[in-house]
Structures are given as structure tokens and as C-alpha cells.
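Values in this document were obtained by computation on a predicted structure and should not be read as measured data. Labels below follow one simple rule: chain letters A, B, ... track the order of the sequence lines, proteins then strands, and each chain is numbered from 1. As a basis for the values below, the full set of heavy atoms in this structure was taken, side chains included, without hydrogen atoms, waters or symmetry mates.
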Amino acid sequence: MTDNMIQAALAQVAAITQKAYEKAAAAGALSAGGENVPAKVDIPKDVSHGDYACSFAMAAAKTLGRNPREVAQVLMDHMELEGSFFDKVEMAGPGFLNFTLGKKWFSDVLSAVEAGGMGYGTSDEGKGKKINVEFVSANPTGPMHIGNARGGVLGDTIAAILERLGYTVCREFYVNDAGNQIHKFAVSIDARYRQLLLGEDAVEFPAEGYQGEDIKDLAKAIADEHGNAWLELPGEERLEKMAQFGLAVNKPRMKADLEKYGIRYDQWFLESTLHASGAVEEAVGQLTEKGYTYEKDGALWLNTTKLLKEKYLREGMKEEKVDKLELKDDVLRRANGFYTYFAADIAYHKNKLSERGFDTAIDVWGADHHGHIARLQAALDGLGLDGSNRLVIVLMQLVNLLQDGKPVRMSKRTGKAIALHDLLDEISVDAARFVFSATKSTSPLDFDLDLAVRQDSENPVYYVQYAHARICSLIAKMKNEEAMLVPAAAEVDAGVLQSPEELALLKTIARFPEELRLAGRDLDPSQIDRYLMGLAGDFHRFYNADRIKGEERELAKARLKLADSARSVLANGLGLLGVTAPEKM
RNA sequence: GCCCACGUAGCUCAGCAGGAUAGAGCAGCCGCCUCCUAAGCGGCAGGUCGGACGUUCGAAUCGUCUCGUGGGUGCCA
């Protein structure tokens, strides 16, 4: 009951080829041994090489003691295509067997799209496995910037893809509401607060403090609400109140900004709860029990070197190479008694993989954190949680914001970051979501404000949306002017679809479930963006080459069904990306 | 120094679970609306896939080395 017609066809080619070999071997036309050679099938780039190409003859030539073209010829002589997806098979080049799709397959594709509707491409591959997708997790100490927008779109779209593939997905935001950053946050607000009440010169602003205007706004809000009452409080209590006040303002703001991008979380997980519940202490304690920690200079250290070497050896790295690695250990508990971020992170991921029972934790991280990946995985391995396999990090390169082709400098410290909500004043959610998901996360993304703002064809999202709108308009016109509704797949003779443009479009439509599968496998939504651009292109070419209105009835019906199938998949794919599919433009 | 990512058309990037003649968009040049939306389509031009060696029937794709760019290498997060 798959609607993945690509996998169905690939499997059939392999089966047909294997059967042909068995038949040939039984008849004595080929020697034994070929049954152990896998029948590799792929899709040629060039349509003149058929729709599917099998390289079995080349791979098996040596084993069978014949040249590849001879093997291919014998296979063709023993091949049975009756009742299959294929009309013909040809031998080409060094010994490829090239299969050409026939009417049955095209007809099945139309039926699959119709039956699937907006769920076309859904599978049960994930078998309900629980996956936690954590993304953005920006420090709540200031406004989010454009990089957070990319991470938000990336994480949300990965989550959506995995849901389609049958995983049970939890979207999570990890709130760093403890530790050093928060302390700096509190100290910064406090300084601004006192400057406000005592005069700018009376209080020195800490060198390490956050410079942004938002800190001044928070200080002013505190002054408005509490006057100078907080001046009297003892230092620790005052800072605690400052931090809580700031978080209470910033957290809902982040939530609201993300929601503007259509991003909603299932879980906002507070780092502070890990400290309060003793979970951090517990995780560190377990590592100590297992002999992975030691004390030095008053601090508690994790023997990361040992953990990493064990990990690399398990993964098959050669011992001599492992010995040569220069690795460093990490502090878990500072000499001042406070746990490090790393210690909390270990406890946090232990919480995901153990206490909350997720099969896999996927984290979207900025590329500048990549050095952290192996260490965290190794630490989780040390806890017996198989972090090397169950913790998957999607690294995201940073965003270069351009204007007039020139880089706009961004820095949170100087408060010059372009805030998320300002960005949306400039460009639509559709454009933002498409642009942010269109580049593979491992590549840096140049985000040109001027380009994103433009509402023309240079902005790829409009190219895709336009295809959808065009089809909607077409369907409406056929209904109103020709009294023709989109027919059911069963009423369509797929055999009348024969132009290169029709076949190309239909084949691309058929690829959607497979593209979805691959995007999920690679955790790479950009594959969906590119697929949709290709699908839109195939439609535009079909639209230019083949008319519907005024054509002979059977052909018009089949083409209308084809167009509607393209519409359905465009809407489906855009929906996955969080982009709207307009009926008019 | 060590670790990681990335080097493909003028620019931005696909392709990297080895397959046949390496693709797209943009920029450039030339065309296509009496005809379902021209936010579209067609054509031309553009390449030592950073380099070398290796693995094999076959390498942009895998391995080793090398050059270049960026990042990491805190009792920061």
C-alpha cells in the first residue's frame, strides 16, 4: 500500500532482472554465481537512456565469465515484462539494461496522488518512534536574530517531514535560564536600572554586559513598575529579581516572534529545572561512579579524552590514529561549586533519552558549536545511553545578512542584530520560510534583504506559488467555460499522455514520496524546496507546450487530471514547508 | 599544532548510498502573448568539478596526501 511509485519501480526492475537471470541460468544460458550479485538500479539523468537503468550485467560479468553486453543480451532474451510497469527494455552502452515505463505505472501514479490527497507521501517508515527535535533555543537574554529564524524554519520543517514519515515528534525549545549568561543578563539590567535612578555617571556599566537597547527598556520597565524599591534589596536577591523580570518579558516575546513564522513548540524546557531537581548533580554523579571524572584544581573534570577514545575505537578508528589524537578534558563543576553548561547539557540530553524515553534526540545547532558534538555524544555513551547513535546534531551554518550586496554586521553584544520581528515587517512569512529552508543547512546562507523583499520571479517562492495559482485558475476556467471537472483517476486513460512535457511532469509528481523519504533520511528540508522548484518548472513547461482547453475530450480530461495532480502535490509540499499555496496571484 | 566543515559556470548553489555527454537559478545576449495568468516559456554563451596519487569495468562522488577558506580548540554558552 505504498504510494512511493519510485521505490515500487526500482524494486520491480531488480526483481525482473533477477528473475531473468534465474531463468537464463536454469536454461544453461548463463553460469551460476549471478544470484549473489545485487541488481543495482538507478534513474538515468538522460531520458534517452530509459526511465530506469540496471547495471547488473556489468557487475556480474566477471563472476559469469562473459562480457557485460553478452550477459545483458541473454538477460533480455529471458526477460518477462508482461503485467509490469514497463513497456520495453533495451541494452545500451557498456551493458546497461534500460527500462521504459508504460501506461500502467503512469495510471497508478495518478491514482496514488488522488488517494493520498494532502497525505500523499505519508509513510509508516518511522513506526511511531519518538523523536525530540530541539531547535532555536536562543538565549532568552535578548531579541532573536536572523540566524535564529533560519534555525527555527529548519527545525520546524525537519519536524514536519519526520511526522509525515511516521515518527512521533516533539518540538522543543531549551531555555537557558540558568548560568553565566543569565547572570550577565541580570547584572546588565541592574546596572541600567541603577544608572536610570542614580544617574548615568554614578554607576559603571560592566565591561562584559549586554549593550543592547532592550536591556535599557527592561530597566525602565522595572523602574516604572517598582520605582526605586529594588535599590534597597541585597545584591543576590536584586539580581535574581532582575533576571526573573527580564525572562518574564523576553520569553513570551520569543514565543510570539516564532509564532509569526508559524513555529509552535510542544515543549519549553527550562534549564533551571535540571539544577533545581538535582538532575545535573545526578548525571555528574553517575559519570563519577563509572570512573569518568577526576578532581583537579578544585574543579571536577570529565575525562573526555577517555570517553572520546573509547567512542572512536568503537566506531572503528585505527588504534594508532586514536593514540595520536590530542584531546582535552572538560570541567563539569567549577571550583566555585557551580556546574558548567556542559554538565547541564549532559543532564538535559540524559533527560531526553532516558527519563522521557525519546528514541532519538535531534538538535539543530549553529556551526560554531560543532566541537561540542562528539564530546556530548561520548558523555552520553559513558552513561550507557548510546549518544553516538541516538543524539543527532544538525549543524547549521550562520546567516550572512546582505543589503545592496554588502554584508550587514550583526552582533548581539552591540545590540545591532536585526531582530526577527523587524525582519517580518520587511518580508512575508512565505518568502522567509522558503528562503531559509532552500539552502542546505551545512552551507552558509547569504540572505539578501533586497532580494527577499522583491515580489518578482527572482524570488523563487513566487515561481512555485505561481504554478499553483495558474493551475487553480485553469481548473476554474475548465469548470466554468467548458463544464469539465477534474475527473477521477479511474476515468482517465493515462495512455493518451505521451508528450515529453506530460511524461516529465508525471514522473516528477511520482517522485514526491521518495523526495520526502530522502529529505527525512538526510534531515535536509532543502531537498523539498528544490523538488518543488523542479515540479513548478515541469508544470510551466507542460503548460506552455500542451493545451487543455479546446483539446479533444479524452486528452483534455487526462491533462486536466495531470494538472490537478501537480496542484495537489505543490500544495502538499508547500504546506510541509509552512508556505501558503495561493489560488490567485 | 590538533579537530571539524566547505572548495563544482562570472555570482549563489544542486549533484557526493560510484554509472552513460556534470545541472539549476541569477547575471549576459537573442527570441515567444489575436491562444487556459508573460510572477511564464524557448534558445545562445559560459567548466582542467581546488590539485596529486590511489581503489575499479567506471570517480565530482570512495581512500590517502596536499593547497585554500571558514569555524572550533575557556573553570563561556
Side-chain angles (χ1 to χ4, degrees), chain A residues 40 42-46 48-49 53 55 58-59 61-62 67-68 92-96 98 137 139 141 176 179-182 184 208 271 296-301 308 324-328 330-342 344-345 366-374 395 397-398 405 438-440 442-446 448 451 454-467 469-478 481-482 501 518 521-522 526-527 529-530 533-534 536-537 539-551 556 559-560 563 584-585:
Chain A
K40 222 190 111 202
D42 53 26
I43 300 176
K45 290 171 226 163
D46 186 341
S48 71
H49 293 135
S55 55
M58 282 119 81
K62 203 177 246 180
N67 81 51
F96 285 106
N98 292 339
S137 300
N139 270 320
T141 51
N176 305 126
N180 235 323
Q181 299 295 324
I182 290 296
K184 266 160 67 176
E208 291 286 291
E271 182 188 351
K296 191 180 98 186
D297 303 333
L300 182 70
W301 292 71
L308 281 173
K324 266 184 14 200
L325 291 174
E326 295 175 24
L327 301 166
K328 286 179 180 165
D330 295 281
V331 169
L332 292 174
R333 194 182 58 227
R334 292 191 281 258
N336 64 13
F338 289 106
Y339 287 103
T340 58
Y341 179 86
F342 186 49
D345 221 12
D368 52 337
H369 289 67
H370 75 80
H372 200 62
I373 298 174
L395 275 191
Q397 291 289 334
L398 305 178
T439 301
K440 221 163 96 174
T442 49
S443 298
L445 173 69
D446 283 335
D448 195 315
L451 181 61
R454 287 169 68 166
Q455 306 239 337
D456 60 26
S457 56
E458 283 196 37
N459 200 332
V461 69
Y462 295 107
Y463 182 78
V464 178
Q465 289 182 317
Y466 180 55
R470 244 183 171 180
I471 300 170
C472 290
S473 153
L474 179 54
I475 291 170
K477 212 148 215 161
M478 288 304 291
E481 296 178 15
E482 308 276 318
E501 291 81 9
L518 295 174
R521 181 197 70 182
D522 300 338
S526 74
Q527 297 183 31
D529 290 65
R530 280 193 297 278
M533 304 246 273
F539 171 74
H540 287 310
R541 278 184 286 276
F542 157 73
Y543 181 90
N544 256 265
D546 300 313
R547 294 189 59 79
I548 296 179
K549 219 176 134 191
E551 287 291 339
R559 284 180 175 167
L560 183 58
K584 281 184 185 158
M585 283 176 75

Per-nt protein contacts along nucleotides 9-16 of chain B (heavy atom under 4.0 Å; B base, S backbone sugar-phosphate only, - none) come out as ---SSSS-
What string of B, S and - do you get for nucleotides 65-77 of chain B, 5' to 3', when a contact is any protein heavy atom under 4.0 Å?
------BSSSBSB
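Taking the P atom of each, A45(B) and G51(B) are spaced 24 Å apart, rounded to whole Å. Taking atom P on both nucleotides, G19(B) is separated from U61(B) by 10 Å, rounded to a whole Å. Taking atom P on both G50(B) and U8(B), the two are 6 Å apart, rounded to the nearest angstrom. Between C4(B) and A9(B), the two C1' atoms lie 28 Å apart (nearest whole Å). G23(B) sits 13 Å from C44(B) when the P atoms are compared, rounded to a whole Å. As rounded to the nearest Å, A14(B) and G43(B) have P atoms that lie 25 Å from one another. A distance of about 16 Å separates the P atoms of A59(B) and G63(B), rounded to the whole Å. As rounded to the nearest Å, C13(B) and A27(B) have C1' atoms that lie 14 Å from one another.
With a glycosidic angle no more than 90° from 0, C33(B) adopts the syn conformation.
Contact annotation for Asp546(A): base contact, defined as any heavy-atom pair under 4.0 Å involving a base atom. Using a 4.0 Å heavy-atom distance criterion, Tyr543(A) is classed as a base contact. Within the nucleic acid shown, Arg547(A) comes within 4.0 Å of at least one base atom, counting heavy atoms only.
The interatomic distance linking His540(A) (NE2) with G25(B) (C1') rounds to 13 Å, in whole Å. When rounded to the nearest whole Å, the span between CG of Asp42(A) and C1' of A22(B) equals 15 Å. Between Lys549(A) atom NZ and C35(B) atom C1' there is a gap of 9 Å when expressed in whole angstrom units. Here the C1' atom of nucleotide A38(B) and the CD atom of Gln465(A) are 18 Å apart, to the nearest Å. Spacing between atom CZ of Arg559(A) and atom P of C36(B) amounts to 15 Å, rounded to whole angstrom units. Rounded to an integer number of Å, the gap from Glu482(A) CD to C35(B) P is 15 Å. The separation between Leu474(A) atom CG and G40(B) atom C1' is 14 Å, rounded to whole Å. Between the P atom of A24(B) and the CG atom of Asp529(A) lies a distance of 19 Å, rounded to the nearest Å.
When the ring-ring contact (aromatic ring centres under 6.0 Å, His included) test is applied to His49(A), no partner is found at least two apart in sequence or on another chain. Remark: Phe342(A) pairs with His372(A) by the ring-ring contact (aromatic ring centres under 6.0 Å, His included) rule, at least two apart or across chains. Legend: residues meeting side-chain hydrogen bond (donor to acceptor under 3.5 Å, both in side chains) with Gln181(A), ordered by chain and number and at least two apart, are Tyr210(A). A search for side chain to side chain contact (heavy atoms under 4.5 Å, CB included) contacts involving Leu398(A) returns nothing, not counting sequence neighbours. Asn336(A) is linked by a side-chain hydrogen bond (donor to acceptor under 3.5 Å, both in side chains) to nothing, counting only residues two or more places apart in sequence or in another chain. Judged as a ring-ring contact (aromatic ring centres under 6.0 Å, His included), and not counting sequence neighbours, the contacts of Tyr543(A) are Phe539(A). Annotation: side chain to side chain contact (heavy atoms under 4.5 Å, CB included) contacts of Ala59(A) (sequence neighbours excluded): Val37(A). Judged as a side-chain hydrogen bond (donor to acceptor under 3.5 Å, both in side chains), and not counting sequence neighbours, the contacts of Asn67(A) are Glu70(A).
Rounded to the nearest 0.5 Å, atoms OG1 (Thr439(A)) and CD (Gln397(A)) are 11.5 Å apart. Here CZ of Arg547(A) is found 11.0 Å from CZ of Phe542(A). Values are rounded to the nearest 0.5 Å. Rounded to the nearest 0.5 Å, atoms CZ (Arg559(A)) and CG (Asp546(A)) are 4.0 Å apart. Expressed to the nearest 0.5 Å, how far CD of Glu481(A) lies from NZ of Lys549(A) amounts to 4.0 Å. To the nearest 0.5 angstrom, Leu300(A) atom CG is 11.5 Å from Asp330(A) atom CG.
Taking for each of Ala467(A) and Ala92(A) the nucleotide of RNA chain B with the nearest heavy atom, the 5'-most of the two is the partner of Ala92(A). Judged by closest nucleotide on RNA chain B, Ala53(A) is the one of Ala536(A) and Ala53(A) placed further toward the 5' end.
Proximity of a side-chain donor or acceptor of Thr340(A) to a complementary backbone N or O of Arg333(A) within less than 3.5 Å is not detected.
RNA chain B forms stems at B:1-7 with B:67-73, B:10-13 with B:23-26, B:28-32 with B:40-44, B:50-54 with B:62-66, each a run of 3 or more consecutive Watson-Crick or G-U wobble pairs whose two key distances fall under 3.5 Å.
You'll find a donor-acceptor pair under 3.5 Å spanning the side chain of Asn98(A) and the base of A20(B), going by distance alone.
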Check the pair Asn180(A) / Glu208(A) against side-chain contact (heavy atoms from CB on, under 4.5 Å), numbers first and verdict last.
CA-CA 11 Å; Asn180(A) 235 323; Glu208(A) 291 286 291; over 6 Å; no
Pairs under 3.5 Å (N/O, protein and nucleotides 54-58 of chain B):
unit_1: C57(B); atom_1: OP1; unit_2: Lys62(A); atom_2: NZ; d: 2.9

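A close approach under 4.0 Å does not occur between any side-chain nitrogen or oxygen of Tyr463(A) and OP1 or OP2 of A38(B).
When every heavy atom of Tyr463(A) is checked against every heavy atom of His540(A), the shortest pair comes out as O-NE2, 3.4 Å.
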